[in-house]
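Read through the structure below, which is laid out as structure tokens, and then see the notes.
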Amino acid sequence: MTQISNEAEFRHALAGLDADRQRAVAALFVKHVLPLCDDERIAPVTDVAAREDVPEDKLAEALRTARTTTTDCHARCGAAGDWSAQAGYFVARAAVAALTPAGQMPGGPAWQAAMASRMAKTCEAIVTGDDSLGRESEEQYRILVDFLNS
Amino acid sequence: MSKDNTLGEILRKQGVSRRGFLKFCAATASLMALPPGMAPVIAQALEKARRPSVIWLSFQECTGCTESLTRSYSPTVEGLIFDAISLDYHHTLMAASGTAAEAAREAAMEQSYGNYILVVDGSIPTRNAGFSTIAGVSNRDMLLDTARGAAAIVAVGTCAAFGGIPHANPNPTGAVSVSDLIKDKPIINVSGCPPIPVVITGVLAHFLTFGAIPDLDSHGRPVAFYGKSIHDRCYRRPFYDRGLFAESFDDEGAKSGWCLYKLGCKGPTTYNACATTKWNEGTSFPIESGHPCLGCSEPDFWDGGGFYKAISTPTEDIGRTAVYAIGGGAAAGLALGAINRAKRNKAEKEHEQVTIDDLEKGD
Amino acid sequence: MMTETQLLVWLRGPALQVAIAIFVVGVAVRLLEVLVLGRKADLAEARGSAVAGGMRTILMRSFPDRATLQRAAFTEITGYIFHIGFFVTLLFYAPHILLFNSALGISWPALPTPVIDATAVVTIITLVAVLIHRLTNRVMRFLSRFQDYLVWLLTILPVVTGYIAFHRIGVTPPILIAIHIISVELFLIVFPFTKLMHAFTLFMSRYYNGAIAGYRGVKS
Amino acid sequence: MSASLERGIHAFKEAIDGPVASFFSSCVHCGLCAHACLFYTETGDPKYTPIHKLEPLRRVWKQEYTFWGRYARAFGLSKPVTDEELGEWETLVYDSCTMCGRCSMVCPVGNDIAYMIRRTREGMAAAGHAPEGLIGASRRAVTIGSPMGVKLPALEAQIRHLEQEAGLTIPVDLEGADYMCLLSSMEIMNFPEYIGAIARIFKQANVSWTISSEAFEATNSGIQIGVSEIAAELVQRVVDAAEKLQVKAVISPECGHAYMAIRWEGPNLIGKPFSFQVMHIMEVLDQLREEGRLKTTGKEKQRLTYHDPCQIARRGGVLEQPRNLLNIVAEDFVEMPEAGKMNWCCGAGGGVSANERADELRLRVFNRKKSQLDAVRAEGLVTACSNCRIYLEEGLEEYHMDIPVTGLTETIAEHLVEEGEGGER
């Protein structure tokens with residue numbers, strides 16, 4: 001039973017996964033923070049990411065949808081920023097990371113998806129001021145451990 | 001030779017063969033740019049021409065024109081023509097002098113009133129009659145008096161045609177040309193300093209043949225002789241066209257006969273027949289002898305900006321003007337610049353702070 | 001009535017003096033009006049040398065970068081041709097050199113007259129092409145005002161009248177030379193009030209441009 | 001006192017100096033600047049010709065600062081600038097110009113047109129003709145401290161997240177540190193990984209750095225809208241914070257106009273040289289690389305190309321550094337045609353992105369960037385300005401091009417050698 005208790009082990013474990021498994025665990029991270037995003041396009045896209053045997057074009061099409069959503073909800077330069085909208089933006093970015101083919105993302109899709117999901121949680125924390133939500137990384141370690149053991 | 005002989009009889013008496021006479025007429029026809037067919041017409045007219053009476057008045061002149069025309073060392077066909085006319089009055093040439101000379105002139109005027117030819121050389125002083133008089137009569141009065149009965153007037157030489165050298169700046173005598181004083185008579189200006197002999201006789205021949213004056217250009221000069229500029233007919237033109245110029249009077253360029261533009265040649269702005277008929281029976285003409293054309297057949301050639309300064313050079317000291325202008329411009333520029341700078345700095349001092357609330361237009 | 005000789009003497013004399021005076025004073029005033037306004041010292045920490053940058057741009061801006069050359073080939077090429085043609089005709093035609101020599105005291109060898117003649121023809125044709133381009137090209141037509149067309153005319157006239165005066169086409173030559181001199185004097189008189197000033201201010205403009213960029217370490 | 005035409009003209013008068021006068025004297029209406037401006041090349045509309053955008057300033061120069069112009073005005077021959085005209089010119093000066101300076105690089109007589117646009121905006125803003133978006137941003141920048149309203153608590157939450165979850169230390173208000181890092185709101189909101197990246201890099205290279213809680217905002221809406229007083233106020237905050245913390249240098253983050261504002265315009269805005277250096281983050285990283293303090297491993301496999309942000313490269317002078325850095329983390333780094341100091345703008349700089357009215361035009365002219373990218377068929381685009389980054393993403397999205405865009409600092413951070421804490425990566 002691998003134990004993951006810090007960032008290096010977490011990254012190391014993720015890096016060890018092959019493309020499909022990275023996508024699957026990334027989908028789990030995204031699902032975990034999905035409630036923070038009110039853009040309905042992200043949920044189906046995350047499901048596509050979660051499925052094992054998905055044809056290439058389906059994945060690419062899902063990626064394009066996720067990218068479009070990211071572009072739509074990023075904070076506009078110079079406009080008054082809305083942190084809850086930002087949370088949705090980061091969930092979308094997490095979905096994009098999950099669906100991006102392995103070689104194109106520095107650090108790998110799963111790790112990027114995890115980082116983006118944590119950012120979504122931070123944005124939520126800024127809005128609610130409730131610091132307890134800050135332990136997203138522990139949640140992700142647990143998700144990864146369950147995933148590796150399943 | 002009495003007056004009633006025809007020109008033809010006189011010439012035969014002097015031994016000019018019919019063929020020689022016809023050759024002269026052909027030469028004159030070609031010279032006058034008349035069609036070859038005109039040669040017999042000229043011959044016929046000259047044959048029958050009554051000996052025209054010619055009065056030659058010399059005013060402010062240097063006798064160069066007369067000299068040019070009457071060189072005695074070689075009898076030329078022009079000379080014969082000249083002898084053929086009845087020159088009734090010419091200071092230099094006539095034997096009589098003093099009152100006899102004037103009497104001859106008055107006699108000639110009365111006798112062929114209305115159809116004698118008045119030839120004038122020299123300009124006419126107008127500022128003070130005393131500058132130039134003949135037998136106590138001022139040039140001006142004599143001209144006006146003699147011109148009244150003239151059939152035509154031939155102003156020989158740039159002085160008579162345009163005022164020439166006496167007219168040159170500052171023109172102390174108030175010299176003017178014939179056409180400045182006489183407005184009601186046909187005047188043929190045969191400019192040049194002196195003019196080409198064959199041009200003078202050519203004009204006379206034309207008048208004798210056709211009884212009218214030849215086509216004239218805007219300056220009253222016969223187009224046949226003054227239609228083209230020296231430059232157009234200059235034998236050195238190819239050098240000009242290729243840009244080969246003599247830099248000084250005895251450099252390689254000058255020795256190889258290159259264009260004299262840089263030495264002040266006024267060929268391009270001078271109208272005369274020098275380049276074609278040349279001088280001294282076709283021996284040469286100024287440019288051929290290596291000296292730039294002075295433009296002597298043009299009005300005010302004496303004040304034409306320097307005989308040895310090229311046409312393209314300024315006639316005033318441009319360098320000095322530029323230096324003064326730079327001084328003036330700099331001063332003005334600094335002053336105006338200072339005003340601008342003060343205005344801009346004042347604007348900055350009076351700057352009204354713009355805050356975020358001032359970005360909206362006034363409601 | 002002024003005779004042709006008097007006209008030429010006047011044109012080459014007082015009239016030329018007036019034209020030169022207006023030209024020199026005008027240019028001096030325009031240049032000083034710009035220079036005296038000056039420029040505030042840059043307080044930021046320099047990365048490169050402004051002076052080196054300025055000098056460099058004065059030279060290098062004459063050579064367009066490849067992409068601009070491709071995009072606006074016509075403007076660039078015709079621009080070079082008629083500028084070089086204009087200056088070669090002006091500076092290397094023997095009689096012109098006499099003019100500069102008598103005004104400035106310096107002289108230099110001339111090019112053969114047929115070369116100048118050909119250059120003048122090329123310059124005229126190119127300037128006509130430039131006018132057509134200014135009338136038809138979207139951007140140039142949009143930008144052009146009356147002054148652009150006036151300056152075009154005043155620039156081509158000296159070359160055309162000079163060509164005609166040399167080849168003595170039409171009216172009597174002294175008038176052709178007079179017209180040529182008049183067109184040059186018109187060019188000189190109008191010069192300081194129009195974009196012809198670029199012949200002088202472009203050095204300052206390029207210098208400022210290069211200095212601003214050079215200060216920041218960019219070769220502009 | 002509300003904005004008015006009279007104040008606008010007054011600002012124009014102040015804005016005119018030697019260079020402006022020289023430039024207007026030199027323009028020959030040749031139209032070459034249009035061919036360098038993507039707003040013209042992609043629309044073909046001659047009104048976007050750069051020099052034409054300066055018409056109001058030109059007329060004020062002519063009527064106020066030339067003998068001939070004043071003379072003509074005295075005789076009523078000249079056309080004074082009217083408020084309607086300024087209204088008409090607003091879209092030309094703000095929506096269709098990012099002050100990218102490409103026109104300034106090609107003008108054959110050397111006119112620095114971007115220099116003059118920056119000054120024209122001083123008059124436009126004072127005359128009340130600045131776009132809504134920029135007015136809002138400037139208001140927020142002055143009142144809240146960030147054009148996007150990012151307050152300190154939000155930044156602190158980000159910092160907390162980075163410290164607890166990524167185990168990094170983000171020193172805030174650390175007096176005597178060597179470097180004080182500024183952040184742009186865009187980074188804090190959209191690309192917070194930048195903060196994580198510099199934290200990791202500086203940790204590895206043991207750089208002493210800090211972030212000031214009083215002045216963490218790098219952007220400067222003042223120079224975008226064209227109100228030097230606002231720009232000076234924003235710069236002064238950074239100067240005060242830097243001097244309070246006695247840092248040796250301030251690091252301008254991955255933001256184009258922020259670098260221009262603090263590095264080049266800053267001292268001139270507040271009227272005195274800085275007591276500290278100003279460096280762009282890429283200059284710092286390149287310096288670390290040279291000093292061997294930037295240990296990276298592995299390289300990006302996909303074909304990467306780099307977008308030079310105009311205010312950093314062409315107008316800012318930071319050109320070689322990104323190349324040096326990319327060459328250590330990218331195997332297949334290719335340059336776009338006309339990259340470097342002649343790079344084409346992303347179309348969103350100089351306040352255009354904050355101006356909603358300009359969105360449609362901005363996306364339309366992005367086609368120029370597209371054709372530049374098409375020439376190298378890149379699989380990844382790296383840049384060093386978060387505004388460029390987000391609007392490159394938007395542009396690529398609009399033209400259906402699947403090219404991920406990443407920040408350079410972040411890409412470097414991904415390849416850092418992780419020492420200690422759980423061994424080799």
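Remember, it's a predicted structure, so these values are computed and weren't measured experimentally. Order of the sequence lines fixes the chain letters, A, B, ..., with proteins taken first and strands second; residue numbering starts at 1 for each chain.
For a residue to count as touching a neighbouring chain, one of its non-hydrogen atoms must lie under 4.5 Å from one of that chain's; by this rule D:E265 does not touch chain C. Heavy-atom distances place the side chain of C:E76, and not its backbone, under 4.5 Å from chain D. The part of D:T49 that comes within reach of chain C is its side chain, from C-beta onward, which places non-hydrogen atoms under 4.5 angstrom from that chain. There is no contact between D:E320 and chain C, counting heavy-atom distances below 4.5 Å. Of the two parts of C:R138, the backbone and the side chain both hold a non-hydrogen atom closer than 4.5 Å to a non-hydrogen atom of chain D. Interface remark: C:F203 contributes no atoms to any contact with chain D (heavy atom separation under 4.5 Å). Neither the backbone nor the side chain of D:I270 has a heavy atom closer than 4.5 Å to any heavy atom of chain C. Using a 4.5 Å cut-off between heavy atoms, C:A41 contacts chain D through its backbone alone, with no side-chain atom that close. For D:Y40, the part lying under 4.5 angstrom from a heavy atom of chain C is the side chain only. Contacts between D:R315 and chain C at a heavy-atom distance below 4.5 Å involve backbone atoms as well as side-chain atoms.
At distances below 3.5 Å, not a single donor-acceptor pair connects side-chain atoms of C:R145 with backbone N or O atoms of D:H29. For C:R61 (side chain) and D:C107 (main-chain N/O), a donor-acceptor pair under 3.5 Å exists by modelled atom type.
Counting heavy-atom pairs closer than 4.5 Å to chain D, the top residue among C:T68, C:D42, C:L31, C:V36 is C:D42. Among C:M140, C:K40, C:M197, the residue making the largest number of heavy-atom pairs under 4.5 Å with chain D is C:M140.
For the pair D:V278 and C:E45, the minimum side-chain heavy-atom distance is 4.5 Å or more.
Here C:L202 contributes atom CG and D:S22 contributes atom OG; the two are 8.5 Å apart, rounded to the nearest 0.5 Å.
Side chain to side chain, D:S25 and C:T201 fail the donor-acceptor criterion of an N or O pair below 3.5 Å.
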